[in-house]
Amino acid sequence: MKAMILRAPGGLDRIVSDTRADPGEPGPGEIRVALHGGSLNYHDLSVALGHMKAEDGRVLLADGAGTVERVGSGVTEFAPGDLVVSTFFPDWQDGPATVGDFARTPGDGMDGFAQEVVVRPATAFTRAPKGYDAAEAATITTAGLTAWRALVADGGLKAGDSVLLLGTGGVSIWALQIARMFGARVAITSSSGEKLERAGEMGADWTLNYREQPEWGRLARDWAGGRGVDHVVEVGGPGTLAQSVEAVRVGGHISLIGVLTGFSGEVPTAALMAKQARLQGLIVGSRRQQQDFVRALEANAVRPVIDRRFALEDLAEAFRYEQGAGHFGKIAVEW
Ligand SMILES: NC(=O)c1ccc[n+]([C@@H]2O[C@H](COP(=O)([O-])OP(=O)(O)OC[C@H]3O[C@@H](n4cnc5c(N)ncnc54)[C@H](OP(=O)(O)O)[C@@H]3O)[C@@H](O)[C@H]2O)c1
């Protein structure tokens, strides 16, 4: 069985194809899944570059989807032939967050899905949205569910709300689709005029180039009637937070999810206090939230935006493409 693994200490030239033993038959409560699709996240890129100090030989990718081949005793939720998609936290089933690290995250603390077959607990997967292919399904595990939790599960998004999104990567474009699905109004930033045009075609109401307009926080607040936006999906981190605080309305919600500009920095505490905004750190979501998300995607016939698909053996090339930041939405791999 083929797997794409990372040799320590990491680096894109340290991603190699390896042969692993077949995982065998599923035990009680387990399923055997023939994987066919995965997707790339900034987190996977950090692992591949060696920043997460993953174990030598780690199988890459947090997101995986494929077809159930066989089910172990006691499994009633899935049957052979079902398309299933992995969960980011295989042990967090429901309720408030219980995990604050990546020790059990596939493709980081444990082997991921850049391989042909896995045997895992059935509870580490959900059903994929009907009509999706495996690569499309894989995009919901990390980017999709994070956007869903930020806006819906924790954000309480309502029709008519205003949402500010930063950049046009995987999380932000999923967030754009979710916001539109709920009848919210969307402001989105990008470094590229061409990407902003695409976002506009997808229903973004207001677009802005963050390189040309570094004071985008105030401009986004003005766009939201001078009152400020209800929600910000903060993927930037320390380099963008001050502008996000500027943009949010009094009593609004900022989901702090990203590290695109670094891992620590200044927080404008007085401005945040004056805004009485909820600044919430979050990492992806629970299996129950993923099930809710799948249901919503099916009911609204929404499909992910995949910029480009790579073959599994070209995984290193796919990461180089992500590093170039030329993509809009998700980058997928399939096999
Ligand atoms: N906490 C969580 O659960 C969670 C889950 C998923 C992702 N994340 C984090 O969220 C961030 C985005 O992840 P992703 O997978 O969506 O990444 P991605 O697909 O690689 O997105 C990269 C895009 O981010 C935009 N960007 C970069 N610097 C920016 C800046 N200073 N201001 C605004 N936009 C900027 C760029 O968009 P343009 O090309 O349009 O400029 C770039 O193309 C990462 O930091 C990732 O670690 C966190």
Side-chain angles (χ1 to χ4, degrees), residues 38-49 51-52 61-63 87-89 92 97 99-102 105 107-108 138-151 153-154 164-177 187-200 202 204 207-214 216-217 220 232-244 247 254-263 265 280-286 289-290 304-308 318-332:
S39 90
L40 272 59
N41 298 288
Y42 195 79
H43 182 89
D44 301 292
L45 178 62
S46 304
V47 173
L49 291 172
H51 299 162
M52 309 304 286
L61 294 190
D63 303 351
T87 53
F88 190 87
F89 290 121
W92 179 18
V99 210
D101 60 44
F102 305 110
T105 292
D108 188 342
T139 68
I140 75 171
T141 299
T142 305
L145 185 58
T146 301
W148 173 263
R149 181 174 165 206
L151 289 176
D154 288 3
L164 172 61
L165 307 173
L166 315 185
T168 58
V171 173
S172 297
I173 295 304
W174 257 127
L176 168 58
Q177 293 182 281
I188 189 166
T189 71
S190 175
S191 56
S192 150
E194 202 182 308
K195 290 181 181 182
L196 289 174
E197 219 165 279
R198 270 191 82 181
M202 286 179 63
T207 63
L208 173 140
N209 189 314
Y210 60 81
R211 293 244 168 88
E212 292 168 4
Q213 306 268 19
W216 48 266
V232 185
V233 179
E234 227 310 336
V235 294
T240 52
L241 183 59
Q243 290 299 313
S244 293
I254 302 175
S255 302
L256 186 62
I257 67 164
V259 292
L260 288 169
T261 64
F263 291 91
Q280 183 198 355
L282 65 88
I283 311 178
V284 196
S286 68
Q289 288 167 345
Q290 185 163 310
V305 176
I306 295 183
D307 178 279
R308 197 166 154 192
F319 278 122
R320 280 190 193 96
Y321 185 64
E322 183 179 10
Q323 241 182 341
H327 61 287
F328 180 93
K330 294 296 299 175
I331 300 165

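Counting starts at 1 for both ligands and their atoms, in listed order. Being a predicted model, the structure only gives us computed values, none of them experimental. These values consider heavy atoms only, across backbone and side chains, with no hydrogens, waters or symmetry-generated copies.
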Distance under 4.0 Å to a non-hydrogen atom of Ser191: what atoms of ligand 1 satisfy this?
38 (P), 39 (O), 40 (O), 41 (O)
The protein heavy atom nearest to atom 21 (O) of ligand 1 is Gly169 CA, 3.3 Å
Write out the residue and atom name of the closest protein heavy atom to atom 16 (O) of ligand 1, then the distance separating them to 0.1 Å.
Val171 N, 2.9 Å
To the nearest 0.5 Å, tell me how far Thr142 OG1 sits from Ile283 CD1.
11.0 Å
Check: Asp108 main-chain N/O paired with Thr105 side-chain donor or acceptor under 3.5 Å:
no
Contact check: Lys195 vs ligand 1, nitrogen or oxygen atoms, below 3.5 angstrom
yes
For the CD atom on Gln323, are there more than 12 heavy atoms of other groups (residues, nucleotides or ligands in this structure) within a distance under 6.0 Å?
yes
Report the relative orientation of the aromatic rings in His327 and Tyr321; use parallel for angles under 30°, tilted for 30 to 60°, perpendicular for over 60°.
tilted
Can you list the ligand 1 atoms lying under 4.0 Å from a non-hydrogen atom of Ala325?
39 (O), 43 (O)
Would you mind finding which of Trp174, Phe89, Tyr210 brings a heavy atom closest to atom 30 (C) of ligand 1?
Tyr210
On a heavy-atom basis, the closest approach of Ala153 and Gln289 is CB-NE2, 3.7 Å
To the nearest 0.5 Å, tell me how far Ile257 CD1 sits from Arg149 CZ.
10.5 Å
If the cut-off is 4.0 Å to any non-hydrogen atom of Ser190, which atoms of ligand 1 fall inside it?
38 (P), 40 (O), 41 (O)
Under 4.0 Å from any heavy atom of Glu322, which atoms of ligand 1 are there?
20 (O)
Distance, nearest 0.5 Å, that separates CD1 of Ile188 from CE of Met202:
8.0 Å
Nearest-contact summary for atom 5 (C) of ligand 1 - protein heavy atom, Å
Thr146 OG1, 3.1 Å
Closer than 3.5 angstrom, by distance alone: can the side chain of Asp307 be matched with the main-chain N or O of Phe328 as a donor-acceptor pair?
yes
Looking only at protein heavy atoms, identify the closest one to atom 10 (O) of ligand 1 and say how far it is in Å.
Gly258 CA, 3.6 Å
Starting from atom 18 (P) of ligand 1, which protein heavy atom do you reach first, and at what distance in Å?
His327 NE2, 3.4 Å
Can you tell which of Leu282, Ile257, Val284, Thr189 gets a heavy atom nearest to atom 48 (C) of ligand 1?
Ile257
Looking only at N/O atoms, are Thr168 and ligand 1 under 3.5 Å apart anywhere?
yes
Any chance you could lay out the side-chain contact (heavy atoms from CB on, under 4.5 Å) test for Ile140 and Leu145, step after step, and finish with the verdict?
CA-CA 6 Å; Ile140 75 171; Leu145 185 58; 5.9 Å; no
Need the ligand 1 atom indices (1-based, order shown) with element for anything under 4.0 Å from a heavy-atom of Gly167.
25 (C), 33 (C), 34 (N), 37 (O), 40 (O)
Ala150 versus Val233, closest heavy-atom pair with distance:
CB-CG2, 4.4 Å
Starting from atom 24 (O) of ligand 1, what is the nearest protein heavy atom, named by residue and atom, and what distance separates them?
Leu260 CD1, 3.3 Å
Which of the numbered atoms in ligand 1 are below 4.0 angstrom from a heavy atom of Val259?
45 (O), 47 (O)
For atom 46 (C) of ligand 1, find the nearest protein heavy atom and state the residue, atom name and distance (0.1 Å precision).
Tyr42 CB, 3.5 Å
Per-atom contacts, ligand 1 versus Thr261 - under 4.0 Å to a heavy atom:
31 (N)
Classify the side-chain pair Thr240/Glu234 by whether it contains a donor and acceptor separated by less than 3.5 Å.
yes
